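To start, the structure under review is shown below, and the notes come after it.
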Amino acid sequence: MLNNKKIGMIGTGNMGNALIDGLIRSGAAQPENIICSDASERQLEPIKEKYQVATTTNNIEVVKAADIIIYAIKPQIMASVLKETADYLDMSKLIISIAAGVPLAAIESLLEKDLRLIRVMPNVAVAVREGATAIAAGGHADQDDVKLTMAIFDSVGKSIFIKENYLMDAITGLSGSGPAYIFMIVDALADAGVKVGLSRNDALVLASQTILGAAKLLLETGDHPGQLKDSVTSPGGTAIAGLHTLEKGGLRTTLINAVEAATNRSRELGDAMIKNFANGQTQP
Ligand SMILES: NC(=O)C1=CN([C@@H]2O[C@H](COP(=O)(O)OP(=O)(O)OC[C@H]3O[C@@H](n4cnc5c(N)ncnc54)[C@H](OP(=O)(O)O)[C@@H]3O)[C@@H](O)[C@H]2O)C=CC1
Ligand SMILES: O=C(O)[C@@H]1CCC=N1
């Protein structure tokens with residue numbers, strides 16, 4: 001699908017780096033077809049060394065050279081980088097933003113021209129090709145653009161296409177931010193393992209593998225999580241004792257509140273962006 005299309009990555013931090021890694025390791029893109037930029041050479045040097053991709057500190061160079069441009073910089077500087085590169089953006093290029101909370105409408109109001117825009121919410125697991133990604137298309141992006149974007153993010157995990165843009169905040173709160181919740185849960189489970197006598201390393205390996213195994217069971221069987229939970233809880237056994245404690249501690253409510261808080265924060269970021277971008281304000 002990607003064939004020899006040139007992919008430009010603006011920002012090579014957590015996500016930009018993870019995407020480059022996943023694209024190359026999956027074979028979806030060749031190093032010679034990737035050019036990336038970052039604010040600092042310090043960030044680019046190891047990427048050039050490891051992936052043999054073209055690197056530059058000049059974002060305009062990336063935009064000029066690429067057919068598909070992925071903006072992987074922080075939401076707070078999206079406006080300034082979009083403005084910086086705006087003169088070189090046109091309908092010949094597919095523009096993908098992965099910035100949390102930045103609505104397509106904000107980008108369109110800032111750039112004030114018809115562009116093939118796609119908003120994507122991936123997560124950091126793209127680095128191990130197990131990303132969870134949602135894709136929403138702007139008004140001038142067509143089905144082929146959606147297919148191209150899905151080809152990129154399916155090469156580093158699983159992607160879904162959503163029709164309603166406003167759901168992107170919920171997706172940012174659930175799967176975009178979700179790896180952080182799971183890392184905290186694994187850290188707590190490892191502490192629990194240490195508390196009941198395991199070495200830190202054994203506890204961490206067992207806790208991580210338990211999360212991986214449970215996720216694979218869910219995805220490969222398609223069974224409801226409640227059904228799988230019931231398959232673990234022997235009558236009068238250990239798992240149900242542990243679950244009772246989790247219920248008493250309000251685990252479900254806490255997780256629901258966490259996703260809601262992250263979703264609301266994404267909405268806040270978006271509302272601020274729409275206001276700032278509409279005023280042409282490009283500094284956070
Ligand atoms: N981290 C995650 O799990 C996820 C992040 N996202 C989104 O992805 C985007 C990137 O996030 P993340 O990778 O974590 O952020 P990072 O800060 O790790 O990466 C951003 C990179 O962009 C660089 N940068 C800063 N200014 C410029 C500039 N003017 N031109 C080019 N590069 C620049 C930064 O350099 P320096 O560090 O020197 O400032 C940094 O290396 C954000 O919009 C975020 O909302 C989406 C889903 C998940
Ligand atoms: O915390 C953030 O804002 C970014 C977006 C989703 C995950 N990390």
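Counting starts at 1 for both ligands and their atoms, in listed order. All values reported here derive from a predicted model rather than from experimental measurement. Numbering starts at 1 and runs along the sequence shown. Basis for what follows: all heavy atoms, side chains included, without hydrogens, waters or symmetry-related copies.
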Would you check if the side chain of [X] reaches a backbone N or O of [Y] as a donor-acceptor pair within less than 3.5 Å?
{"X": "D67", "Y": "K5", "value": "no"}
{"X": "R116", "Y": "M91", "value": "yes"}
{"X": "S266", "Y": "A262", "value": "no"}
{"X": "K248", "Y": "L243", "value": "no"}

Note to self: Let's go through R265 and E268 carefully: what are the C-alpha distance in whole Å and the side-chain angles of both, what is the deciding distance for salt bridge (Lys or Arg N to Asp or Glu O under 4.0 Å) to 0.1 Å, and is it a yes or a no?
What the structure shows: CA-CA 5 Å; R265 179 60 184 143; E268 278 171 20; 2.9 Å; yes
Next item on the list: Find the distance between NZ (K216) and OG1 (T221) and round it off to the nearest 0.5 Å.
Entry: 12.5 Å
Check: Once you round to the nearest 0.5 Å, how far does CD1 of I162 lie from CG of L167?
Finding: 5.0 Å
Check: Under 4.0 Å from atom 4 (C) of ligand 2, do we find at least one protein heavy atom?
Finding: no
When you check ligand 1 against the protein, what N or O pairs turn up below 3.5 Å? List the atom names and distances, or just say none.
{"unit_1": "ligand 1", "atom_1": "13 (O)", "unit_2": "N14", "atom_2": "N", "d": "3.2"}
{"unit_1": "ligand 1", "atom_1": "13 (O)", "unit_2": "M15", "atom_2": "N", "d": "2.8"}
{"unit_1": "ligand 1", "atom_1": "14 (O)", "unit_2": "N14", "atom_2": "ND2", "d": "3.0"}
{"unit_1": "ligand 1", "atom_1": "17 (O)", "unit_2": "K74", "atom_2": "NZ", "d": "2.4"}
{"unit_1": "ligand 1", "atom_1": "18 (O)", "unit_2": "N14", "atom_2": "N", "d": "3.0"}
{"unit_1": "ligand 1", "atom_1": "18 (O)", "unit_2": "N14", "atom_2": "ND2", "d": "3.2"}
{"unit_1": "ligand 1", "atom_1": "30 (N)", "unit_2": "N59", "atom_2": "ND2", "d": "3.0"}
{"unit_1": "ligand 1", "atom_1": "32 (N)", "unit_2": "A39", "atom_2": "N", "d": "3.3"}
{"unit_1": "ligand 1", "atom_1": "35 (O)", "unit_2": "D38", "atom_2": "OD1", "d": "3.3"}
{"unit_1": "ligand 1", "atom_1": "41 (O)", "unit_2": "D38", "atom_2": "OD1", "d": "3.3"}
{"unit_1": "ligand 1", "atom_1": "41 (O)", "unit_2": "D38", "atom_2": "OD2", "d": "2.8"}
{"unit_1": "ligand 1", "atom_1": "43 (O)", "unit_2": "I73", "atom_2": "O", "d": "2.6"}
{"unit_1": "ligand 1", "atom_1": "45 (O)", "unit_2": "A100", "atom_2": "N", "d": "3.0"}

To the nearest 0.1 Å, how far is [atom] from its closest protein heavy atom, and which atom is that?
{"atom": "atom 8 (N) of ligand 2", "result": "G176 O, 4.5 Å"}
{"atom": "atom 2 (C) of ligand 2", "result": "A100 CB, 4.8 Å"}
{"atom": "atom 1 (O) of ligand 2", "result": "S177 OG, 4.9 Å"}

Checklist line | Donor-acceptor side-chain pairing of S199 and N201 below 3.5 angstrom | finding: no
